[in-house]
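Below you'll find the structure, written out as structure tokens, and then a few comments.
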Number of protein chains: 2
Amino acid sequence: MQRIRIKDVAKEAGVALSTAALALRDDTKLREETRRLVRDAAARLGYVYDRSAAVMRSGKSHTIGLLVCEITNPFYAELTAGVEEALDEAGFVVMLANTSESITRQRRMLERFREQPVDGVLIMPATGTPPSLLEDLEQWRVPHATVVRGFRRGAHTGPDNRAGTRMATEHLLALGHRRIAFLGGLTRNSVSRERWDGYFRAMTKAGLAPEQLCCRTDIGEAAGVAEALPADGPTALVCFNDSVAFGATLGLLRSGRMPGRDVAVIGFDDIREAAAWFPALTTVRVSPREIGRAAARVLLERIADPAAAPRREILAPTLVVRESCGAHLRWKG
Amino acid sequence: MQRIRIKDVAKEAGVALSTAALALRDDTKLREETRRLVRDAAARLGYVYDRSAAVMRSGKSHTIGLLVCEITNPFYAELTAGVEEALDEAGFVVMLANTSESITRQRRMLERFREQPVDGVLIMPATGTPPSLLEDLEQWRVPHATVVRGFRRGAHTGPDNRAGTRMATEHLLALGHRRIAFLGGLTRNSVSRERWDGYFRAMTKAGLAPEQLCCRTDIGEAAGVAEALPADGPTALVCFNDSVAFGATLGLLRSGRMPGRDVAVIGFDDIREAAAWFPALTTVRVSPREIGRAAARVLLERIADPAAAPRREILAPTLVVRESCGAHLRWKG
DNA sequence: CGCAATCATTGGAACGTTCCATTGTGGCGG
DNA sequence: CCGCCACAATGGAACGTTCCAATGATTGCG
């Protein structure tokens with residue numbers, strides 16, 4: 001009992017090797033009858049296609065390398081699901097690498113992907129990734145696209161972070177808030193910068209002083225900061241993302257304040273837990289799954305036509321008003 | 001500018017093709033000097049190893065197929081991270097497939113993995129997976145191991161679910177509770193059965209009547225059930241997992257009851273958010289990352305020696321007492 | 001000093017596809 | 001009846017490694 005090859009199928013069907021190969025790919029060059037003949041023979045023998053040989057000969061692996069900066073982050077998990085879903089529909093399979101925000105690990109996996117070989121890589125760059133990484137990829141001739149976190153150039157897919165925090169801030173302004181702080185965004189990557197920037201512009205445009213409460217993207221840390229907030233502190237918090245917002249609401253509860261009533265809280269991302277939260281979280285929806293699907297499309301396009309100018313797809317976010325911003329209480333300032 | 005092959009490196013270094021190949025693998029059969037010579041030549045030319053040819057010739061891909069039942073579930077995301085981490089250390093790379101609990105998708109991806117080919121598959125079976133799947137894998141001669149959700153036979157790694165819910169229930173009994181319900185576990189898979197069973201045994205052993213409050217593993221749904229709980233209902237809830245427990249605490253809060261004071265809640269898994277929760281969640285810790293790492297080891301062992309009896313590694317859980325069970329309040333029943 | 005054993009290197013087949021050029025066959029127009 | 005074309009099928013090289021058997025050089029030992 002050994003492996004069945006196309007050669008064996010061809011013999012069984014009584015045709016030449018290359019005919020059998022064409023038939024198994026369902027090539028229309030062959031008569032339907034011949035194709036059926038071969039298909040039946042393959043089924044009879046239990047033939048299993050060997051992709052490794054095809055990859056080697058054709059140079060196409062139908063495999064994409066996916067570098068995730070932190071898969072245990074629900075936002076990136078959802079995004080990964082979207083990427084995988086869309087690539088699968090297109091007949092591609094995903095090689096996963098979780099970098100855990102380590103740029104050395106990221107580098108190593110990228111080199112591994114280059115040998116593998118993959119047809120392209122989708123990168124959510126680890127914090128601190130030098131822009132030269134893209135140049136290396138270009139020189140290596142590896143089709144690539146960034147997701148969520150990006151650089152000035154190259155194919156990219158991500159949410160419009162600036163617009164998101166601007167909407168959130170303007171919503172709070174419209175509710176009458178004046179002392180609005182930005183919570184989170186300690187790490188220096190493009191997402192942090194852009195989200196801070198949207199908030200900053202909305203505040204300065206309204207003639208108010210922006211204020212940043214720094215913390216890492218961690219429920220516990222955010223909770224600590226919110227719990228320690230003085231009574232004469234901000235009346236509203238624009239949070240870096242939902243995890244930080246969750247932390248903020250927990251911290252407020254711990255210090256006896258009701259999120260939404262005593263201090264307004266708005267998150268960012270609208271991860272699944274946001275709607276079920278107590279109080280239900282007002283947040284900026286960016287649909288990570290959709291971003292993932294779009295990113296897959298952008299990369300596949302790039303693979304199909306590497307000469308074309310890299311596409312940049314920036315998805316518009318929407319504000320989902322729930323309870324934590326206090327809008328339902330008709331806040332009066 | 002075309003691809004550099006071993007042949008080119010050999011020419012540059014002035015040795016035979018097979019010598020260069022051995023040198024690049026750093027084989028000790030060769031003199032250190034020769035190896036260095038070849039390494040230098042490879043570096044000079046910018047040689048990149050082509051794994052696809054190696055896979056085809058050797059039949060070993062150093063690739064593992066990972067079937068995740070639902071990657072957006074934080075527990076499985078963390079587990080995936082553990083698997084990826086351990087496999088990477090062993091020089092293996094992960095092909096990811098998220099089945100989203102669809103058995104047809106699972107089947108399709110498995111067939112894809114068979115062609116790919118992968119050296120083995122790690123499966124977190126989708127709910128409703130027939131045990132015959134393992135038989136197929138065996139017949140296909142694909143080394144495999146199940147994770148968390150398992151079957152009677154075959155290599156497996158997972159937590160001791162029975163012991164976990166038993167510990168949780170006994171803890172609540174020791175705190176004086178008598179009306180203890182089990183929340184969640186609507187889906188019929190091995191995990192649901194085992195967790196219910198641990199609770200059931202502890203209750204009947206104590207001479208009490210077990211009660212199941214059914215709901216799917218979903219924060220919103222669990223919140224609904226908890227919110228509707230009557231005043232003369234259970235005083236304590238053993239939850240299927242942390243997500244359900246989160247839902248339970250939110251539902252209790254919504255109906256004006258304080259989790260831990262009015263109704264005790266215990267979760268299962270100890271996902272990252274559990275410690276930061278309000279109130280901090282008492283839960284059964286199973287360390288998904290460790291399970292993932294262990295599962296990777298079990299599969300690699302199986303690949304190394306397919307003839308050996310499949311190993312089953314059941315990890316002991318620990319009870320992490322925080323606030324939601326009310327233990328800190330010295331509950332008196 | 002000769003023969004075996006060891007060491008370092010070499011040559012070439014093999015892995016199972018894809019791809020390209022070629023052959024054979026039948027139909028059709030001139 | 002011949003040449004031409006389209007169609008269906010074929011033959012064989014190529015992809016870039018690994019693996020194995022074989023070679024030549026050097027050492028060890030009786």
Side-chain angles (χ1 to χ4, degrees), chain A residues 1-42 45-63 91 93 112 114-119 141, chain B residues 2-39 41-42 45-63 91 93 112 114-119 141:
Chain A
M1 166 157 176
Q2 42 153 5
R3 181 146 204 157
I4 306 294
R5 298 139 300 172
I6 289 191
K7 196 209 280 182
D8 305 309
V9 174
K11 201 168 290 169
E12 171 83 10
V15 297
L17 189 157
S18 33
T19 307
L22 285 174
L24 291 171
R25 272 178 280 160
D26 213 31
D27 195 307
T28 50
K29 279 218 230 323
L30 258 38
R31 300 208 326 270
E32 168 55 29
E33 196 193 324
T34 315
R35 278 179 275 165
R36 220 204 45 243
L37 200 71
V38 175
R39 262 201 307 272
D40 290 352
L45 296 179
Y47 167 72
V48 179
Y49 180 59
D50 183 338
R51 222 163 269 272
S52 69
V55 170
M56 138 134 216
R57 172 65 237 227
S58 69
K60 306 268 126 254
S61 65
H62 284 257
T63 297
V93 75
R112 176 88 204 231
R114 181 154 83 124
E115 309 183 332
Q116 197 67 28
V118 297
D119 289 345
R141 297 272 160 88
Chain B
Q2 42 152 4
R3 180 145 206 160
I4 307 293
R5 296 138 302 171
I6 290 191
K7 195 209 280 182
D8 305 309
V9 174
K11 202 168 289 169
E12 170 83 10
V15 296
L17 190 156
S18 34
T19 308
L22 286 174
L24 290 170
R25 272 178 281 160
D26 213 32
D27 195 308
T28 49
K29 279 216 231 326
L30 260 36
R31 300 206 326 267
E32 169 56 30
E33 197 192 323
T34 315
R35 278 180 275 166
R36 222 204 43 243
L37 199 71
V38 174
R39 263 201 306 269
L45 296 179
Y47 167 73
V48 180
Y49 180 60
D50 183 337
R51 220 164 269 272
S52 68
V55 169
M56 139 134 216
R57 172 66 236 227
S58 69
K60 306 267 126 255
S61 66
H62 284 256
T63 297
V93 75
R112 176 86 204 233
R114 181 154 85 124
E115 309 183 333
Q116 196 69 29
V118 297
D119 289 345
R141 295 273 161 89

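This structure is a prediction, so every number in the text was calculated from the model and none was measured. Each chain gets a letter, A, B and so on, in the order the sequences are listed, and its residues count up from 1.
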Of all heavy-atom pairs between Ala13(A) and Ala41(A), which one has the smallest distance, and what is that distance?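 Heavy-atom minimum between the residues: CB-CB, 3.8 Å.
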Which heavy-atom pair separates Ile6(A) from Ala20(A) by the least distance, and what is that distance?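 In this case the closest contact between Ile6(A) and Ala20(A) is CG2-CB, 3.8 Å.
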So, are Glu33(A) and Arg36(A) salt-bridged, with charged N and O less than 4.0 Å apart?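 Between Arg36(A) and Glu33(A) there is no salt bridge, as every charged N stays at least 4.0 Å from the carboxylate O atoms.
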Is a donor on one side and an acceptor on the other found under 3.5 Å between the side chain of Asp8(A) and the backbone of Arg5(A)?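 Checked: pair present.
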Note, Asp50(A) side chain near Met56(B) side chain (heavy atom, < 4.5 Å):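 With C-beta onward as the side chain, the pair stays apart.
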Base-contact (B) and sugar-phosphate-only (S) positions in nucleotides 8-17 of chain C, heavy-atom cut-off under 4.0 Å, - elsewhere: SBBBBBBBBB
